[in-house]
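Single-structure report; data block below.
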Amino acid sequence: MTTRKRYWLMKSEPNDFSIDDLERVGTEPWTGVRNYQARNFMRDSMQVGDGVLFYHSNTEVPGIYGIAEVASGPYPDPTQFKKKSKYFDAKASHEEPRWFLVDVGFVRKLGRPIPLDEIRTHADRLGEDFALIRKGSRLSVLPVTAAQWKYLLALE
């Protein structure tokens with residue numbers, strides 16, 4: 001039995017890690033997520049081959065800049081154990097890790113970015129459940145329905 005492909009939007013600040021960086025390295029561990037709901041998405045729901053909209057946040061023109069895919073199953077985020085890391089968690093241990101990640105693999109850059117301002121103009125079509133444009137939603141990992149994925153990529 002095969003499980004259906006799922007879709008996600010993952011945010012990264014381009015000064016820290018951009019779609020160009022992912023293109024250069026090919027595959028990258030998605031380290032540093034320190035929100036339990038986002039962690040749970042990665043740990044419990046993401047599967048190899050799931051689609052990822054690569055979103056640049058905290059930049060002059062926030063928006064979707066590329067497509068990636070989930071390239072590994074979940075495993076403990078090693079930054080939680082490194083005392084010098086800004087993502088160190090003193091409550092985490094190798095026996096009982098608190099934070100998990102998946103590897104993300106480059107698929108392609110979009111022909112043109114899809115800016116957040118443009119995405120907002122399509123709120124009615126994307127639906128109330130599209131967390132990116134919902135007030136108060138600040139998660140760095142968000143689920144996207146297959147219909148939302150298809151619609152967003154049609155904007156390219």
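Computed over heavy atoms, backbone and side chain alike; hydrogens, waters and symmetry mates excluded.
Residue D129 places its CG atom among more than 12 non-hydrogen atoms of other residues, nucleotides or ligands, all under 6.0 Å distant. With a 6.0 Å radius and a threshold of 12 heavy atoms from other residues, nucleotides or ligands, R108 has its CZ atom above the threshold.
Side-chain atoms of L155 and I64, non-hydrogen and from C-beta on, never get closer than 4.5 Å to each other. A heavy-atom distance below 4.5 Å is found between the side chains of P143 and F41. For the pair V141/M10, a side-chain contact is recorded, criterion being any heavy-atom separation below 4.5 Å from C-beta on. Looking at L132 and K11, their side chains come closer than 4.5 Å, going by heavy atoms from C-beta outward. D50 places a side-chain heavy atom less than 4.5 Å from the side chain of K5. Looking only at side-chain heavy atoms (C-beta outward), L126 and L152 come within less than 4.5 Å of each other. With a 4.5 Å cut-off on side-chain heavy atoms, L142 and Y55 do not count as touching. The shortest distance between side-chain heavy atoms of M42 and V70 does not fall below 4.5 Å.
At least one donor-acceptor pair closer than 3.5 Å links the side chain of S93 to the backbone N or O of E96. Under a 3.5 Å cut-off, the side chain of E156 and the backbone N or O of G111 do form a donor-acceptor pair.
Residues satisfying the salt bridge (charged side-chain N to carboxylate O under 4.0 Å, His left out) test with K82, not counting sequence neighbours, are none. Residues that satisfy the salt bridge (charged side-chain N to carboxylate O under 4.0 Å, His left out) test with E13, not counting sequence neighbours, are absent from this structure. With sequence neighbours excluded, the residues that form a ring-ring contact (aromatic ring centres under 6.0 Å, His included) with Y36 are W99. Under the ring-ring contact (aromatic ring centres under 6.0 Å, His included) criterion, F54 pairs with W30, H56, sequence neighbours left out. Listed by chain and residue number, P29, S72, L101, D103 satisfy the side chain to side chain contact (heavy atoms under 4.5 Å, CB included) test with Y75 (two or more places apart in sequence, or in another chain). Scored by the salt bridge (charged side-chain N to carboxylate O under 4.0 Å, His left out) test, R98 finds D89 as partners (sequence neighbours excluded). Taking the side-chain hydrogen bond (donor to acceptor under 3.5 Å, both in side chains) definition, one finds that T79 meets it with R34, D77, sequence neighbours left out. Not counting sequence neighbours, F106 has no partner by the ring-ring contact (aromatic ring centres under 6.0 Å, His included) test. Under the ring-ring contact (aromatic ring centres under 6.0 Å, His included) criterion, F100 pairs with no residue at all, not counting sequence neighbours. In this structure R112 satisfies the salt bridge (charged side-chain N to carboxylate O under 4.0 Å, His left out) test together with E118, sequence neighbours excluded.
P115 approaches V61 most closely through the heavy-atom pair CB-CG1, 3.9 Å. Residues A38 and S140 come closest through the heavy atom pair CB-OG, 4.2 Å. G32 and Y87 get closest at one heavy-atom pair: O-CE2, 3.4 Å. T27 and A71 get closest at one heavy-atom pair: CG2-CB, 4.0 Å.
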Hey, mind stepping through V25 and F17 against side-chain contact (heavy atoms from CB on, under 4.5 Å) and telling me if it holds? CA-CA 11 Å; V25 300; F17 193 78; 4.1 Å; yes
Please assess L53 against L153 for the test side-chain contact (heavy atoms from CB on, under 4.5 Å), listing each intermediate value before the final yes or no. CA-CA 9 Å; L53 297 171; L153 290 181; 3.9 Å; yes
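Annotation: ring pair (Phe, Tyr, Trp, His ring centres under 6.0 Å) contacts involving residues 120-156, sequence neighbours excluded, comprise Y7-W149, H122-Y151. Applying the side chain to side chain donor-acceptor pair (under 3.5 Å) definition to pairs two or more places apart or across chains, those involving residues 40-49 are T3-Q47, N40-R43.
Rounding to the nearest 0.5 Å places OG of S12 at 8.0 Å from CG of D21. Atom CG of D117 and atom CD1 of I133 lie 11.5 Å apart (nearest 0.5 Å).
Both L110 and L22 are members of a single hydrophobic cluster when ILVMFWY side chains are connected at heavy-atom separations under 4.5 Å.
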